[in-house]
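One-based numbering, in listed order, for ligands and for the atoms of each. Just so you know, residue 1 is the first one in the sequence shown, and it goes up from there.
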Amino acid sequence: MDLTPRPEHRFSFGLWGVAHPGHDPFGVGTRAPLDLAEATRRLGDLGAWGVGFHDDDVFPPDASADERRAAVDKLCRAAEQAGVTFSMATTNLFTHPVFKDGAFTANDPDVRRYALAKALRNIDLAGELGVRNYIFWGGREGVEAPAAKDPRDALDRYREAIDFLAGYVKDRGYPMRFALEPKPNEPRGDTFLPTVGHMLAFIDTLDNGDIVGVNPEVAHELMAGLSFYHAVAQALWAGKLFHIDLNAQKPTRYDQDLRFGSEGIKDTFFTVMLLERSGYDGPRHFDARPYRVEDPDGVWEFARGCMRTYLIFAAKAQAFAADHDISAALDAAGAPQLAVPTVGAYDHAEATRLRDAEYDPDQLASRGYANERLDQLTIDLLLGA
Ligand code: GLT
Ligand code: MN
Ligand code: MN
């Protein structure tokens with residue numbers, strides 16, 4: 001098993017996660033903040049292909065044009081030296097108090113316009129750096145007091161904002177797509193567009209939806225108690241998996257952003273197998289952060305671990321496909337039969353024939369689907385038995 005990360009694997013990291021000093025709502029940072037240029041170089045050395053950033057990660061929101069330029073140039077030099085690409089960029093629309101009531105869905109129209117302006121400026125920077133994937137995570141787009149916002153108005157404003165910004169990307173001719181990232185709650189009590197399913201339905205309503213897809217994150221679907229594997233599958237099925245945030249999470253808790261693959265091994269395995277088989281050629285992006293107990297060495301252990309675990313699962317996916325016992329168990333379960341159309345498109349004669357045919361439900365019900373054996377073989381393979 002070759003577990004060496006290489007650029008062709010398209011591994012990328014959110015710099016805010018790798019450089020995270022370990023603060024949480026109950027305590028201050030436990031590590032010195034990492035310099036982003038240095039982090040970029042180290043990630044390149046470890047075999048990463050890309051990095052991503054928020055505008056505020058690189059320069060403060062009130063930076064002068066010169067300060068912005070200097071900060072961007074420093075990061076660009078590091079990326080160039082490291083042979084690392086900027087695989088994604090995004091706008092911080094959640095840290096500054098101006099966004100406490102939301103950004104695109106803030107009740108104050110001036111806040112909404114400032115949020116759009118901040119996004120437009122950073123889209124320009126992303127365009128300049130050749131970034132293909134621009135991410136929108138809802139952050140503060142939500143509410144605690146339900147009466148404070150009619151969710152239908154909020155969705156109107158959200159749609160207006162995304163359509164406007166997507167219009168700008170087309171107008172400027174940037175070869176860029178948007179990936180919207182759902183999350184059910186945190187930091188808000190309820191976040192608008194809480195899951196991949198909600199997001200896909202929302203994207204369908206956009207005028208510029210052709211360049212808008214989803215950015216599912218493992219932790220966020222699991223916070224809602226959902227299967228990440230199924231969320232990713234539906235996004236792929238809809239042709240809307242534009243980006244993916246890989247990490248790990250104990251279900252139904254606060255957003256843990258753990259090292260990829262460190263929890264939920266079976267769901268993660270099926271997700272990796274799906275990605276590898278689907279032809280998805282976007283970034284394998286780790287939006288995760290090292291445990292708070294780590295010292296600076298632990299940060300690189302964490303980064304290595306994310307990529308190593310992905311490659312282990314990818315190798316296991318190949319072994320799954322080549323395993324004769326598993327193939328036989330898949331047949332016994334009837335898995336290939338699900339790919340066969342049931343009746344095809346509506347046809348009057350076919351409907352009549354189908355309606356009037358004889359069926360024997362008792363006989364149909366007598367079949368076993370041998371799922372126990374199939375699943376045990378999966379477990380054997382994953383545990384190396
Ligand atoms: C933030 C959030 C992530 C998002 C990032 C993009 S920032 O840390 O928890 O899931 O992907 O804004
Ligand atoms: Mn994320
Ligand atoms: Mn998260």
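- Geometric assessment of Arg177 against the ring of Phe242 yields a positive cation-pi assignment under the 6.0 Å and 45° thresholds.
- Ring orientation note: the planes of Phe94 and His54 are nearly perpendicular, at an angle over 60° on the 30°/60° scale.
- The atom of Glu181 that is an N, O or S and sits closest to the Mn ion (ligand 2) is OE2.
- Where the criterion is an N or O separation shorter than 3.5 Å, residue side chain and backbone included, Thr91 fails it with respect to ligand 1.
- Note on Asp245: its N/O/S atom closest to the Mn ion (ligand 2) is OD2.
- Looking at Glu217, its N, O or S atom nearest to the Mn ion (ligand 2) turns out to be OE1.
- Below 30°, between 30° and 60°, or above 60°: for Phe260 and Phe286 the angle between ring planes is between 30° and 60°, a tilted geometry.
- Nearest non-hydrogen protein atom to atom 8 (O) of ligand 1 is Trp16 NE1, 3.5 Å.
- Using a 4.0 Å cut-off between charged side-chain N and carboxylate O, Asp55 and Arg121 make no salt bridge.
- For a threshold of 3.5 Å applied to N or O pairs, the pair formed by Asp287 and ligand 1 contains at least one separation below that value.
- The shortest separation from a heavy atom of Ile135 to ligand 1 is not under 4.0 Å, leaving the residue out of contact.
- When only modelled atom types and interatomic distance are considered, Asp2 and Thr4 share a side-chain donor-acceptor pair under 3.5 Å.
- Taking 4.0 Å as the cut-off between side-chain N and carboxylate O, Lys183 and Asp245 do not count as a salt-bridged pair.
- Residue side and main chain included, Asp287 places an N/O/S atom under 2.8 Å of the Mn ion (ligand 2).
- Annotation: angle subtended at the Mn ion (ligand 3) by Asp255 OD2 and Asp257 OD1 is 100°, to 10°.
- Checked by distance only, ligand 1 and Asp257 stay at 3.5 Å or farther apart across all their nitrogen or oxygen atoms.
- At under 3.5 Å, a nitrogen or oxygen of Glu181, whether backbone or side chain, sits near a nitrogen or oxygen of ligand 1.
- In this view, Phe86 and Phe53 satisfy the ring-ring contact (aromatic ring centres under 6.0 Å, His included) rule, not counting sequence neighbours.
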